[in-house]
Amino acid sequence: MIDLKYLQSNFDEASQKLRRKSVDVQTLKKLQVLFAELKKANQELETAQAEQNSMSKLFGQYKREGRDIVELKAKVDANKAAMIPLQESAREAEATLYELALGIPNFPDDSVPEGAYEEDNVELRKVLEPISFDFKPLEHWDLAERNGWIDFERGVKLAKSRFSILKGEASRLERALINFFLDTNRDKGFTEYSVPFLNNTAMMLSTGQLPKFQNDQFKICDEDLYLIPTAEVPLTNMYNNEILPESELPLLMTGYTPCFRKEAGSAGRDTRGIIRQHQFNKVEMVAITHPDRSDEVFDLMVANASDILTALGLPHRVVELCTGDLGFSAAKTTDLEVWLPGQGKYREISSISNTRDFQARRAKIRYKDGKKNKLVHTLNGSALAVGRTIVAIMENYQNEDGSIEIPEVLKKYM
RNA sequence: AGACAGGUGGCCGAGCGGUUGAAGGCGCACGCCUGGAACGCGUGUAUGGGGCAACUCAUCGAGGGUUCGAAUCCCUUCCUGUCUGCCA
C-alpha cells in the first residue's frame with residue numbers, strides 16, 4: 001500500500017508519480033478525501049470514547065461509595081447512544097478507504113523509464129552472444145516430441161489445458177536445475193527454505209496478489225487458502241507483522257516451490273509448449289532489507305540471476321521495465337530475458353523487483369531503528385524459473401539430429 | 001475428524017466484572033556498589049493511531065455480543081497441548 005500520509009502532504013508529487021502508472025488523479029483525490037474523513041470520524045469517535053471511559057470510571061467510584069447513580073447512568077446511556085452513529089461512520093470510512101487504497105499500485109521510482117508497453121523496456125546489456133546454428137534450430141515443443149521429454153496430452157488429461165508432464169531425462173533435468181539454483185543461491189548468502197505452497201488471504205493481501213488479482217489465483221474450496229502464484233508470497237510473509245532487530249538485516253532467503261497461476265487474460269498466448277503453464281516450478285530469492293540498502297541488494301540479486309544463466313551458458317539480456325510493464329507492487333523491476341534460438345526471441349526467465357516499503361506496509365514488516373519502528377524494504381526475484389530454463393537449454397543445446405546436450409555445470413547434478 | 005485442557009508483555013506467570021496496559025519473577029538496558037566481576041541496590045523496559053506537548057484512543061490469539069464498565073461473562077473462529085480415530 002502507498003503511504004497515505006505522504007499522499008496527503010505531497011499530493012501533487014504523489015499523483016504525478018502515479019500518473020505514470022495510469023492511476024487517475026480523481027481516484028487519488030477520492031482517496032485523499034476518504035483519508036481525511038476517516039481521520040475526522042476517528043477523532044470524533046475517540047472523543048466520545050474518552051468521555052465514556054471517564055464516566056464509567058466515575059460510575060464504579062459512585063457505586064463503591066454508595067452514591068446515587070441514576071443521574072450518571074442516564075448521562076452515560078445517552079453518550080453511548082450517541083456513539084453508535086459515530087462508530088458506524090468510522091467503520092464505514094475505514095472500509096471504503098482500504099478497499100480503494102489496496103487497489104492502488106506502488107509508486108514507480110523516478111528512474112523507471114516511461115513507456116506503455118513491453119517494447120518500451122530498456123535493454124541494459126547483453127550477456128553472451130546467441131549461438132549461430134548451421135541448421136534451423138527447432139522450437140522446444142518439437143524437440144520435446146523427438147526426445148519424448150514432455151507429455152502434453154496426458155498432462156491435460158490429468159488436469160486441464162496448460163498442464164503437462166515432464167518425462168525421463170527432462171524430469172531429471174528439472175530436478176538438477178532446482179538443486180543447482182538452490183546451491184548457487186546459498187553460496188551467495190541466501191538461506192534456503194522449504195515453505196507451504198498454500199497461503200491464506202491475509203498473506204496474499206500483504207504481498208499484493210489480493211484483492212486486485214483474485215482472478216489469477218487458484219483458491220482451495222471451503223478453505224481460506226490459495227495456491228501460491230510465487231514463493232515471494234510465503235517467503236516475504238514469513239516475517240509478516242514482525243519487528244526485526246536492525247542487526248539481522250538484510251535477510252536473504254531462497255526457496256523452491258511450484259507456482260500456480262490462472263493466466264487469466266493470457267488466452268491464446270504461448271498455447272504451445274511449456275512457456276506458460278498453470279503450474280510451474282521456480283526458485284525464488286526474497287530479501288528483506290534496511291531501506292538504505294535495498295538498491296545494493298537489488299543489484300546483487302540481478303547479478304546472481306544473470307550469473308546463473310551465464311554459468312549455464314545461456315545467452316541473455318538484462319532489461320529494465322518501463323512504467324507500463326511494471327507490476328502492481330514493484331517500484332522498479334529488472335527482467336532477465338533468455339535467448340531462445342527456436343523462437344528467435346528473448347523471453348523472460350527472471351524478474352527482479354524492489355517493492356520498497358509497499359509490501360512492508362501491508363505486511364507490517366518493520367525493523368527497530370533505535371526506539372522507533374520503521375518499515376523495511378522487500379525485494380523478490382526469480383533465480384530462476386525452472387520450466388523456462390528447461391526450454392532454454394533444449395533450444396540452445398540442441399543438435400542437428402534433435403538430441404540435446406546437458407550444460408557442463410549440471411552434469412554433476414544428473 | 002471427535003473429547004478434554006489452554007492461548008496474557010522478550011520469556012515464565014498472576015489476575016476471572018471496576019483506579020489492571022495488566023502483580024510477581026526472569027531476561028535486557030542504564031546507574032550505584034567493586035581493583036574488575038558476581039552478589040546486592042536503584043531506575044527503566046509492548047505495539048499501533050491521534051495531538052508537534054500535557055494527554056488520549058485501541059490492543060491480554062482473532063472476530064462479534066452482553067454491560068455504564070470485560071483480560072475477566074456469552075457466541076463464533078483460529079492456534080497449541082493431551083487422549084481417541086484416520087492418514088503419507
Side-chain angles (χ1 to χ4, degrees), chain A residues 1-10 31-99 101-102 194-206 210-211 219-226 234 237-249 251 258 357-376:
Chain A
M1 204 168 72
I2 59 164
D3 184 355
L4 293 175
K5 278 189 201 160
Y6 167 72
L7 179 74
Q8 205 72 341
S9 53
N10 299 285
L31 197 62
Q32 196 184 27
V33 170
L34 287 170
F35 187 60
E37 276 175 5
L38 175 64
K39 219 168 151 178
K40 184 163 164 273
N42 275 338
Q43 268 164 6
E44 282 171 2
L45 178 62
E46 226 180 69
T47 310
Q49 263 162 346
E51 181 77 357
Q52 189 76 356
N53 287 347
S54 71
M55 281 196 286
S56 288
K57 240 175 206 175
L58 203 61
F59 194 101
Q61 196 187 319
Y62 275 29
K63 269 201 129 174
R64 235 173 295 122
E65 293 168 356
R67 289 169 66 173
D68 182 44
I69 49 138
V70 176
E71 203 179 316
L72 183 60
K73 168 100 165 103
K75 268 174 78 178
V76 123
D77 281 342
N79 188 59
K80 197 188 181 187
M83 269 170 63
I84 291 169
L86 295 178
Q87 271 164 342
E88 260 165 30
S89 59
R91 196 180 299 185
E92 201 185 302
E94 190 173 330
T96 326
L97 174 69
Y98 282 108
E99 195 188 326
L102 288 173
S194 193
V195 293
F197 303 158
L198 302 178
N199 279 200
N200 61 41
T201 303
M203 301 307 119
M204 297 283 281
L205 275 169
S206 290
L210 294 179
K219 182 166 190 320
I220 306 297
C221 68
D222 301 328
E223 296 276 357
D224 178 33
L225 291 170
Y226 292 84
N237 282 306
M238 278 179 31
Y239 295 95
N240 192 294
N241 199 25
E242 292 193 26
I243 300 157
L244 301 157
E246 193 177 335
S247 59
E248 276 185 25
L249 302 179
L251 290 164
D357 62 10
F358 186 83
Q359 291 179 327
R361 183 170 295 104
R362 290 172 165 237
K364 297 189 176 67
I365 307 174
R366 293 92 89 208
Y367 70 96
K368 266 270 188 258
D369 182 25
K371 192 74 183 145
K372 285 201 165 151
N373 298 318
K374 293 191 175 158
L375 295 170
V376 298

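Per chain, numbering begins at 1; letters A, B, ... match sequence-line order. The structure presented is a predicted model; accordingly, all values stated were derived computationally and were not measured.
Remark: B:C87 base-pairs with no nucleotide in the shown strands. Criterion, Watson-Crick or G-U wobble with two distances under 3.5 Å. B:A3 is paired with B:U82 under the criterion used here, namely a Watson-Crick or G-U wobble arrangement in which both key atom distances are under 3.5 Å. A 3.5 Å limit on both hydrogen-bonding distances identifies B:C32 as the Watson-Crick or G-U partner of B:G40. B:C52: no Watson-Crick or G-U partner with both key distances under 3.5 Å is found in any strand. Shown here, B:U59 forms a base pair with B:A46; the pair counts as Watson-Crick or G-U wobble because both key distances fall under 3.5 Å.
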List, one per line, each side-chain donor-acceptor pair under 3.5 Å for residues 71-90 of chain A, sequence neighbours excluded.
residue: A:Lys73; atom: NZ; partner: A:Asp77; partner atom: OD1; Å: 3.4
residue: A:Lys73; atom: NZ; partner: A:Asp77; partner atom: OD2; Å: 3.2
residue: A:Asn79; atom: ND2; partner: A:Ala48; partner atom: O; Å: 3.3
residue: A:Asn79; atom: ND2; partner: A:Gln52; partner atom: OE1; Å: 2.6
residue: A:Ser89; atom: OG; partner: A:Pro85; partner atom: O; Å: 3.3
residue: A:Ser89; atom: OG; partner: A:Leu86; partner atom: O; Å: 3.2

Next item on the list: May I have the step-by-step check of side-chain contact (heavy atoms from CB on, under 4.5 Å) for A:Phe358 and A:Ile2, ending in yes or no?
Entry: CA-CA 6 Å; A:Phe358 186 83; A:Ile2 59 164; 4.1 Å; yes

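Every residue was checked against the ring-ring contact (aromatic ring centres under 6.0 Å, His included) condition with A:Tyr62, not counting sequence neighbours, and none meets it. A search for salt bridge (charged side-chain N to carboxylate O under 4.0 Å, His left out) contacts involving A:Arg91 returns nothing, not counting sequence neighbours. Among residues two or more places apart in sequence or in another chain, the side chain to side chain contact (heavy atoms under 4.5 Å, CB included) test is passed with A:Lys63 by A:Phe59, A:Ile69.
RNA chain B is contacted by A:Gln43, A:Glu46, A:Gln49, A:Ala50, A:Gln52, A:Asn53 of residues 41-55 of chain A, taking any non-hydrogen atom closer than 4.0 Å. The stretch residues 69-91 of chain A touches RNA chain B through A:Lys73, A:Val76, A:Asp77, A:Lys80, each having a heavy atom under 4.0 angstrom from the strand.
Computed from coordinates, the A:Lys364 NZ to B:U59 P distance equals 15 Å when rounded to whole Å. One can place CG of A:Asp3 at 15 Å from C1' of B:G48, the figure rounded to the nearest angstrom. Here B:C68 presents its P atom at 18 Å from CZ of A:Arg64, a figure rounded to the nearest Å. Here the P atom of nucleotide B:C28 and the CD1 atom of A:Ile243 are 21 Å apart, to the nearest Å.
The phosphate of B:U19 has neither OP1 nor OP2 within less than 4.0 Å of any side-chain N or O from A:Lys63.
Annotation: of the two residues near RNA chain B, A:Gln61 and A:Lys5, the 5′-most nearest-nucleotide partner is A:Gln61. Heavy-atom nearest nucleotides on RNA chain B were determined for A:Phe59 and for A:Asn373, and the one closer to the 5' end corresponds to A:Asn373.
Side-chain N/O atoms of A:Lys368 and A:Asn373 include a donor and acceptor closer than 3.5 Å.
Summarising the geometry, atom CG belonging to A:Asp357 is positioned 13.0 Å from atom CZ belonging to A:Arg366; distances are rounded to the nearest 0.5 Å.
Listed candidates were B:G18, B:G50, B:U47. Nearest to the side chain of A:Lys39 is B:G50.
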